[in-house]
Amino acid sequence: MEIKYITSNVRMNIQADVFFMGARIGQIRKMLKMYRESGPMPEQVEEIKAWLEKGIQSEVVYQKEHANACMNLKSQLRELEEEYERMQSPCYAVFTRDKEKRAAKKKEIEDCRRSCRRCLSAIAQSQKRQKRRQDVLADIKRILVGG
């Protein structure tokens with residue numbers, strides 16, 4: 001989304017997705033105050049708010065999808081670890097002396113753990129983006145709408 005405005009001596013075209021995610025809060029507030037001085041139409045302000053709310057909702061959906069994937073990976077990891085334990089213990093029927101099979105299973109466990117970490121990291125990043133959008137939305141309501 002592009003935000004365009006003109007003040008007495010400044011003409012700005014801002015790519016909202018890049019600016020709101022990369023700028024510091026002080027920079028965002030300064031831009032919003034300059035935007036307010038340009039006399040934006042209420043429809044424009046509502047469009048920006050709707051865009052941010054849509055972004056917040058998409059982050060929530062993204063987090064839910066990754067949380068489900070993470071739960072599946074964790075259950076898969078438990079199963080792999082149990083199978084590996086059975087492979088190592090002479091008490092179980094599936095005990096194997098084949099070091100290559102055990103090494104392959106161990107690698108599979110490590111790959112699954114890595115996938116779990118990536119999934120959790122993606123959720124954390126999404127939560128940061130969601131919070132950032134919520135903060136910007138609150139500033140827009142406070143600065144542009146007045147409450």
Side-chain angles (χ1 to χ4, degrees), residues 1-5 10 12-36 38 40-147:
M1 168 181 207
E2 189 171 65
I3 301 172
K4 297 178 183 181
Y5 64 92
V10 177
M12 298 292 286
N13 290 340
I14 296 175
Q15 293 297 325
D17 52 345
V18 175
F19 180 74
F20 289 146
M21 293 300 119
R24 294 185 309 271
I25 293 296
Q27 292 172 319
I28 292 171
R29 289 180 181 151
K30 183 176 180 180
M31 185 281 291
L32 291 174
K33 289 174 184 174
M34 291 173 66
Y35 184 63
R36 179 185 62 201
S38 74
M41 301 294 283
E43 302 85 38
Q44 294 170 322
V45 174
E46 289 303 315
E47 184 180 341
I48 295 169
K49 286 171 42 180
W51 178 80
L52 284 165
E53 289 167 351
K54 182 181 176 187
I56 290 168
Q57 289 304 313
S58 69
E59 293 296 343
V60 169
V61 169
Y62 180 86
Q63 291 167 25
K64 287 180 182 178
E65 290 171 355
H66 276 71
N68 289 335
C70 192
M71 286 175 30
N72 292 338
L73 285 169
K74 285 185 178 186
S75 65
Q76 180 184 357
L77 179 61
R78 266 193 308 276
E79 291 170 7
L80 289 170
E81 287 172 337
E82 289 171 4
E83 190 176 338
Y84 183 71
E85 287 298 318
R86 286 192 301 270
M87 288 176 77
Q88 285 187 306
S89 176
C91 299
Y92 291 105
V94 286
F95 169 70
T96 181
R97 287 191 167 98
D98 188 353
K99 291 181 183 179
E100 291 176 6
K101 283 185 181 179
R102 287 193 316 221
K105 186 59 68 176
K106 191 160 183 112
K107 183 183 180 325
E108 197 175 339
I109 289 170
E110 288 305 314
D111 290 345
C112 191
R113 280 191 183 135
R114 198 172 301 113
S115 294
C116 283
R117 285 191 298 268
R118 278 196 302 266
C119 198
L120 290 173
S121 176
I123 291 170
Q125 292 297 320
S126 177
Q127 288 171 338
K128 287 179 184 177
R129 290 190 304 265
Q130 178 186 358
K131 171 126 178 46
R132 179 66 171 225
R133 284 184 172 102
Q134 288 170 334
D135 292 345
V136 171
L137 186 60
D139 284 340
I140 285 175
K141 289 177 180 177
R142 186 176 52 79
I143 294 171
L144 296 179
V145 180

Open item on the list: Between R118 and S121, is the side chain to side chain donor-acceptor pair (under 3.5 Å) condition met? List the steps.
Closed with: CA-CA 5 Å; R118 278 196 302 266; S121 176; over 6 Å; no

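- Interatomic distance, CD1 of I3 versus CD of E47, reported as 9.0 Å (0.5 Å rounding).
- By the 6.0 Å contact criterion, CD on E2 is enclosed, its count of non-hydrogen atoms from other residues, nucleotides or ligands being greater than 12.
- Within the 4.5 Å cutoff, the side chain of R133 has no heavy atoms near those of the E53 side chain.
- Side-chain atoms of V61 and Q57, non-hydrogen and from C-beta on, never get closer than 4.5 Å to each other.
- Taking each heavy atom of S58 and G55 in turn, the nearest pair found is OG-O, 2.8 Å.
- E46 contributes atom CD, which lies 9.0 Å from atom CD of E43 (distance to the nearest 0.5 angstrom).
- Closest non-hydrogen pair, S38 versus Y5, comes out as OG-CB, 3.4 Å.
- To the nearest 0.5 Å, atom CE of residue M1 and atom CD1 of residue I14 are 11.5 Å apart.
- Shown here for L73 and C112, the closest heavy-atom pair between the two residues is O-SG, 3.4 Å.
- Between M71 and K74, the closest side-chain pair of non-hydrogen atoms is not below 4.5 Å.
- Residue Y84 holds its OH atom at 8.0 Å from CE of M87, rounded to the nearest 0.5 Å.
- When all heavy atoms of Q27 and F19 are compared, the closest pair comes out as O-CZ, 3.8 Å.
- At a cut-off of 3.5 Å, with distance as the only test, no side-chain donor of R78 or S75 sits close to an acceptor on the other residue.
- Counting heavy atoms from C-beta outward, R129 and Q125 have side chains that approach closer than 4.5 Å.
- Atoms CD and CD, on Q127 and Q63 in that order, are 5.0 Å from each other to the nearest 0.5 Å.
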TODO: For the pair K33 and R36, evaluate side chain to side chain contact (heavy atoms under 4.5 Å, CB included) and give the outcome as yes or no after the intermediate values.
DONE: CA-CA 5 Å; K33 289 174 184 174; R36 179 185 62 201; 3.9 Å; yes

Open item on the list: Using side chain to side chain contact (heavy atoms under 4.5 Å, CB included), reason through K106 and Q88 one step at a time and then give a plain yes or no.
Closed with: CA-CA 11 Å; K106 191 160 183 112; Q88 285 187 306; over 6 Å; no

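- The residues K105 and E108 are annotated as salt-bridged, a charged nitrogen and a carboxylate oxygen being separated by less than 4.0 angstrom.
- Counting all heavy atoms, side chain and backbone alike, I123 lies closest to A67 at CD1-N, 3.7 Å.
- A 6.0 Å sphere centred on NZ of K49 holds more than 12 heavy atoms belonging to other residues, nucleotides or ligands.
- Here N68 contributes atom CG and H66 contributes atom NE2; the two are 11.0 Å apart, rounded to the nearest 0.5 Å.
- With contacts defined as side-chain heavy-atom distances shorter than 4.5 Å, the pair I143/Y35 does not qualify.
- Closest non-hydrogen pair, F20 versus I28, comes out as O-CD1, 3.7 Å.
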